[in-house]
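Okay, structure first, notes after.
In this text the structure is predicted, and so the values were computed from the model without any measurement. The figures that follow rest on heavy atoms only: side chains count, while hydrogens, waters and symmetry mates do not.
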2 protein chains.
Amino acid sequence: MFRGRHDHTMDVKGRLSIPRVFRGELVGDGESPPMLVNEKDHLALFPANVWSAEEQRLMEMSSLDPDAQRLRRFYATGSVPCPVDSQGRILVPGFLRDHAGLEKNVIVAGVLERIEIWSPSRFEQGQTTTVHGLEDIKRSINQGVRS
Amino acid sequence: MFRGRHDHTMDVKGRLSIPRVFRGELVGDGESPPMLVNEKDHLALFPANVWSAEEQRLMEMSSLDPDAQRLRRFYATGSVPCPVDSQGRILVPGFLRDHAGLEKNVIVAGVLERIEIWSPSRFEQGQTTTVHGLEDIKRSINQGVRS
DNA sequence: AAACAATGTTTCGCGGACGCCACGATCACA
DNA sequence: TGTGATCGTGGCGTCCGCGAAACATTGTTT
């Protein structure tokens, strides 16, 4: 379970050191490398087994459903195996840096089963809007509108 | 069950002593450390088992629901394990201090299953608005509008 | 063969973290 | 009312973990 927020900086070449507290759980037994995945406005980093479970669910969706097909394409195209080097760093490919709008300063956030990598400005913005809507979100979830 | 209000002060480095009466229940058997959690306008401190139950509920929400995802991100990113040192103090990370607007003087309040940490001004303000709206709150709860 | 790109390695320095101790105020109890 | 114990405060001081940047090495391409 990943938790907390860390302000880190990226190499000019796109190398980013993973917070120490995350490394153990992230690499697991080291069998297969973690996965770096493109999301709408940020990147996500998964332990191999967690992502493969997620991927499994994508594959189980109907290939006749255009939406499912789109979803599959988006994630398949935007995901990359991402080994952690001996100094605890990952290399973020250029096209993912671009999509997530990452520059030198980034935020590495623990979100339970995943690690998220954000541009600071986008992150702050997202958080503030979340805070504003927080009570409504809680209410609607509490009422079982979703779940 | 935590009760009562305590005016304490924080270290320049963010160390804060927990009221004596809270310590026993807070650390429990000491297996896993208490959790310090960011809330909208204050911080909350939980015995490990209490927070992990809460976290469990977060994880069970659909990862396809954007609102659930936001909620998860908010709480996971804003929570950090928070061991109590040998002198009964915790260390409050800088980013949580900022979010809660904490400075030197803080209020440590017992709120049944949780301990809350407030900036004095925000606390007072919250209390007064609660007092004003008290009757309405009671009414709507009584009507089962929530929960 | 030279230049650039990619990856691996080393070092430095900041600051976070922790432990200890002493002062002082407050509370309890005699 | 006095005395003692408890508990919070804060002030050092030190340590070392960790991240960041610079450096070295390898490999690849034309």
Scanning both residues in full, the closest heavy-atom pair of B/His8 with B/Ser17 reads ND1-O, 2.7 Å
Can you see if the side chain of A/Arg23 gets near the phosphate of D/dG17 - specifically, an N or O under 4.0 Å from OP1 or OP2?
no
Of all the choices, D/dC18, D/dG8, C/dT7, which nucleotide is nearest to the side chain of A/Arg20 once you look at every atom?
D/dC18
Check: B/Arg15 side chain, D/dG8 base, donor-acceptor under 3.5 Å:
no
To the nearest angstrom, the CD1-P distance between A/Ile18 and D/dA20 comes to 11 Å
Counting only side-chain nitrogens and oxygens, does B/Ser17 get under 4.0 Å of the OP1 or OP2 atom of D/dC7?
no
According to a strict under-4.0 Å criterion, is A/Ser86 in side-chain N/O contact with OP1 or OP2 of C/dG8?
no
When you check the side-chain N and O atoms of B/Arg122 and B/Gln125, is any donor under 3.5 Å from an acceptor?
no
Other than A/Trp118, which residues form its hydrophobic cluster under the rule that side-chain heavy atoms must be closer than 4.5 Å?
A/Ile107, A/Phe123
Between atom CG in B/Leu16 and atom P in D/dT9, what is the gap in whole Å?
8 Å
Considering only NZ, NE, NH1 and NH2 on the basic side and carboxylate oxygens on the acidic side, decide whether A/Glu54 and A/Arg57 come within less than 4.0 Å.
yes
Side-chain heavy atoms under 4.5 angstrom apart, residues restricted to Ile, Leu, Val, Met, Phe, Trp, Tyr: same cluster for A/Ile18 and A/Val80?
yes
Could you state the atom-to-atom distance from NE2 of B/His6 to C1' of C/dT26 in whole Å?
14 Å
In whole angstrom, give the distance that lies between atom CD of B/Gln87 and atom P of D/dC7.
14 Å
Would you say D/dG10 has OP1 or OP2 under 4.0 Å from some side-chain N or O of B/Lys104?
yes
Base C/dG19 to side chain B/Lys13, donor-acceptor N/O within 3.5 Å cut-off:
no
Whole-Å distance separating the CD1 atom of B/Ile90 from the C1' atom of C/dC18
15 Å
Any N/O donor-acceptor pair, B/Arg89 side-chain to D/dG10 base, under 3.5 Å:
yes
Quickly work out the B/Asp11 CG to C/dG19 C1' distance and round it to whole Å.
12 Å
Whole-Å distance between C/dG16 P and A/Asp7 CG?
11 Å
Would you mind reading off the distance between A/Asp85 atom CG and D/dA20 atom P, rounded to a whole angstrom?
13 Å
